[in-house]
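Presented below is the structure to which this report refers.
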Amino acid sequence: MIQRIAALNKFIVDVYGPARILEDGVIPIDHVRGCPQYRIEMQGVSIPLDVPVGICGTDLVRVNDGFRVLEDNLRVPSGVSYMIANRQATKTNFRELYRRYRVRDVEKYGTLLYETLREFDPNGSTDPCIVLLTPGVFNAAFYEHMFLADEIGAELVEGRDLLVNDGFVYMRTTSGLRKVDVIYRRIDDDFIDPLFYRRDSILGVPGLMHAYRKGNVALVNAPGTGIADDKSIYAYVPDMIRYYLSEDPILQNVETYLCREPEDLEYTLDNLEQLVVKPVGGSGGYGLFIGAEKTAAERDAFSKQLRENPENYIAQPILAISRAPCWIERNIEPRCVDLRPFILTGQESRLVGGAFCRIALLRGSLVVNSSQGGGAKDLWVVKN
Amino acid sequence: MLARSAHGLYWIGRYLKRVEHTSRLMELQMNALVDCTWDQIHFGWLRLFRHLKTSPQNEELVNWEEHGDSWGLTDSFALADELSFVLENESSILSCFTMGRENARQMRHCISSEMWICLNKAYFEIRDLSIEDIWTKDPMQFYANRVQDVNTFMGVCAATLYRDERWEFLQIGRLIEHAQLMLALMSFQNKSADSDEFEDLEHYDWWSLLHCFQADEAYQHYFGAKVQPELVMNMLVADQLLPNSIDFSLNQIADRLSALGEAPANRHGAMANRFIGRLVSLIRFEWPDAENKTRMLTLAESLALKLHEHITAAWFNYEVDDSVRF
């Protein structure tokens with residue numbers, strides 16, 4: 001995981017900087033610059049610590065011959081609070097069982113997160129002002145935002161609590177305006193600053209990008225990190241690892257066909273029944289086309305769509321994802337599971353011994369996403 | 001602390017005080033339904049709605065009242081529903097509980113987990129109830145339980161909330177709400193006592209108010225069993241030792257504003273301090289000699305409203321201008 005995030009961070013710094021990887025032809029330039037997640041405003045911006053992705057949640061699945069990376073979530077990954085809440089529930093309800101195993105602790109995540117965020121302080125002070133920027137109470141992950149703000153002792157702020165004055169970011173407090181050093185932002189790029197991105201956004205802070213570009217405030221994760229977790233770029237991560245680190249990838253990708261490539265498109269169309277097709281900019285399990293679950297007529301209709309807009313899709317084989325026994329309606333039944341470990345990177349990378357473990361609640365389903373009705377389990381990493 | 005969080009705590013204090021206040025008076029009114037006259041029942045409902053500055057959502061009830069019909073025993077079921085469970089009525093107990101809890105939900109990182117559990121438990125106890133559920137059982141107990149819920153919550157706050165600005169703003173919200181509601185109540189009571197409309201009002205209404213605000217024992221101790229409206233009024237307005245008196249609340253607000261110190265928006269902060277100073281002096285020093293008590297209460301009501309506005313502008317919703325401290 002650490003190897004992978006190191007390469008992804010170098011890639012992002014590179015594409016918004018000298019773009020060596022593009023010049024050297026490792027990744028086609030149009031794949032990057034034409035990607036909707038590419039933020040031209042980040043071009044030439046000095047990123048604190050050269051670490052655009054401070055918090056990463058990478059999705060792993062286990063198949064017959066080991067683990068595979070399903071995708072990297074490098075923008076605003078969520079779910080870590082559920083990992084901790086699940087652990088607390090297990091410890092409460094299975095006290096004896098838990099005591100018998102030497103389970104690695106996940107509850108120190110808050111401390112690690114605080115230490116990581118502190119390292120991003122542009123002034124390098126010992127007590128930086130860190131805030132967590134949330135879209136607000138109506139966001140599906142608001143519970144997590146609140147939980148994490150509490151864990152790291154940061155103020156939970158909304159866009160309206162912050163303002164930019166003279167290139168610095170301030171928050172309104174009862175003692176006056178307080179300068180903010182580090183923002184752990186849980187708002188998507190599009191909404192973060194109406195002066196740079198969506199003008200109709202009322203969630204963001206006008207002028208925030210200006211302050212960021214001047215180096216007066218750190219944003220974690222940096223804007224524009226979506227360029228590295230776009231599904232069409234995912235296929236190149238093993239190449240990035242070789243290019244930047246001169247190492248072979250330890251964790252393997254799932255075999256991926258880029259439908260924008262004519263050969264891959266033909267393969268996809270010929271083998272639609274054995275493949276799952278995903279929109280490149282999608283997330284949360286939306287827009288998945290699982291060929292095996294569709295009728296011939298549906299596959300034909302989708303093939304047409306695919307031919308009309310091939311650059312918007314990638315295809316992957318349907319995996320035999322590992323299953324785990326789950327307590328479903330008073331029975332123990334097998335369900336597909338995946339793991340989302342969280343990697344924190346500041347001056348160094350840190351992990352807790354656990355992950356957010358998602359399960360597909362429907363029998364036979366491969367879709368574990370919470371937004372698609374997925375459930376969760378406590379995952380134990382046991383000390384050797 | 002974050003200004004928006006302070007604002008949220010301030011409103012938690014306000015909403016829960018309103019729950020407690022309305023519940024106390026509803027318990028009194030439920031008691032009146034048992035053996036009071038039609039006029040007394042009508043007066044009780046008018047007092048509730050007028051001083052809470054709300055009207056029933058049911059238009060028929062509004063029309064009847066506007067055309068001079070009394071709200072009597074037969075209307076009481078609908079009227080009690082309005083002030084208990086109708087969410088569209090912003091003064092109803094459920095509505096205030098819901099808003100208070102919603103504020104707390106957004107401020108969970110600012111309050112203790114025990115406060116959240118306590119509030120949540122109280123909220124879920126009434127969320128799915130309706131007036132039918134309580135009407136035929138024991139409505140008085142229902143309202144008494146709500147008072148107890150709020151008292152328990154405030155007790156948990158006192159036991160678990162860190163004594164920084166969080167505590168101060170929660171208390172200021174509670175105290176301002178109390179002062180405003182009591183001023184409105186006393187103003188209505190005083191006007192009614194002076195008007196011809198309620199000339200048959202008996203001592204019951206004064207005595208019940210003493211009982212409602214936990215002042216009956218102190219009153220008896222100092223003034224005996226005879227209910228004298230002027231003494232009751234003085235006690236509820238200006239007694240310095242009675243926790244539910246207006247004077248007591250205003251002095252507590254003054255102390256807490258002073259503990260907060262300089263506000264981020266200086267001008268509004270100074271205005272808030274001036275208004276609380278005027279209110280304290282009005283009730284403590286001018287009230288005893290005032291000939292027109294109603295006018296004084298009306299003036300105090302408008303000052304209390306302005307106090308709220310200046311506190312909001314000074315600490316919560318201030319704009320960035322030269323007076324703001326960086």
Side-chain angles (χ1 to χ4, degrees), chain A residues 81 84-85 88 92 110 113-114 129-181 183-184 186 202-203 205-207 216, chain B residues 1-11 98-99 101-113 115-116 120 162 164-173 256-257 259-269 272 311-326:
Chain A
S81 61
I84 298 168
Q88 286 166 351
T92 308
L113 177 61
Y114 174 74
C129 176
I130 301 171
V131 299
L132 193 154
L133 178 60
T134 172
V137 69
F138 297 110
N139 186 273
F142 183 72
Y143 163 78
E144 172 154 306
H145 304 164
M146 212 162 44
F147 179 91
L148 290 175
D150 203 22
E151 286 282 303
I152 61 176
E155 288 291 357
L156 180 62
V157 300
E158 296 180 12
R160 59 190 162 135
D161 298 321
L162 302 180
L163 60 95
V164 178
N165 191 41
D166 214 12
F168 289 89
V169 180
Y170 296 90
M171 72 170 160
R172 280 189 181 83
T173 75
T174 49
S175 318
L177 295 174
R178 184 174 176 200
K179 187 161 80 67
V180 174
D181 302 308
I183 300 177
Y184 174 19
R186 298 295 298 257
I202 53 169
L203 302 176
V205 185
N216 293 334
Chain B
M1 73 183 294
L2 190 65
R4 187 171 47 81
S5 302
H7 200 191
L9 286 162
Y10 173 83
W11 275 103
T98 306
M99 298 297 282
R101 178 182 174 272
E102 186 54 33
N103 270 280
R105 193 166 79 87
Q106 295 183 37
M107 308 295 138
R108 272 182 66 180
H109 59 296
C110 296
I111 62 175
S112 69
S113 53
M115 282 168 67
W116 170 246
N120 224 18
Y162 196 70
D164 60 1
E165 289 172 313
R166 287 175 266 202
W167 170 257
E168 300 298 344
F169 283 112
L170 183 80
Q171 293 302 323
I172 289 172
R256 295 190 185 288
L257 286 181
L260 283 176
E262 201 180 340
N266 289 335
R267 192 171 62 82
H268 288 292
I311 287 176
T312 303
W315 276 278
F316 311 139
N317 291 338
Y318 56 84
E319 294 301 325
V320 181
D321 56 28
D322 294 338
S323 62
V324 171
R325 286 185 286 136
F326 281 81

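Numbers restart at 1 for each chain; the letters A, B, ... are given by sequence-line order, proteins then strands. Quantities reported herein were computed from a predicted structural model and do not represent experimental measurements.
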Chain A: which of R4(B), H109(B), E102(B) shares the most heavy-atom pairs with it under 4.5 Å? R4(B)

Check whether E158(A) gets within reach of chain B through its side chain, its backbone, both or neither, counting any heavy atom under 4.5 Å. both

Would you mind writing out the side-chain donor-acceptor pairs for residues 133-143 of chain A within the sub-3.5 Å range, not counting sequence neighbours?
from	atom 1	to	atom 2	distance (Å)
T134(A)	OG1	G136(A)	N	3.0
T134(A)	OG1	H145(A)	ND1	2.8
N139(A)	OD1	A141(A)	N	2.8

Contacting region of V131(A) [heavy-atom separation from chain B under 4.5 Å]: neither

Between Q106(B) and chain A, with a heavy-atom cut-off of 4.5 Å, which part of the residue counts as in contact: side chain, backbone, both or neither? both

Got a sec, which residues hit salt bridge (Lys or Arg N to Asp or Glu O under 4.0 Å) with E168(B), two or more places apart in sequence or on another chain? R256(B)

salt_bridge(E155(A), R178(A)) N-O dist < 4.0 Å: no

Looking only at heavy atoms, which two atoms of W116(B) and R101(B) are closest? And how far apart? CZ3-O, 3.8 Å

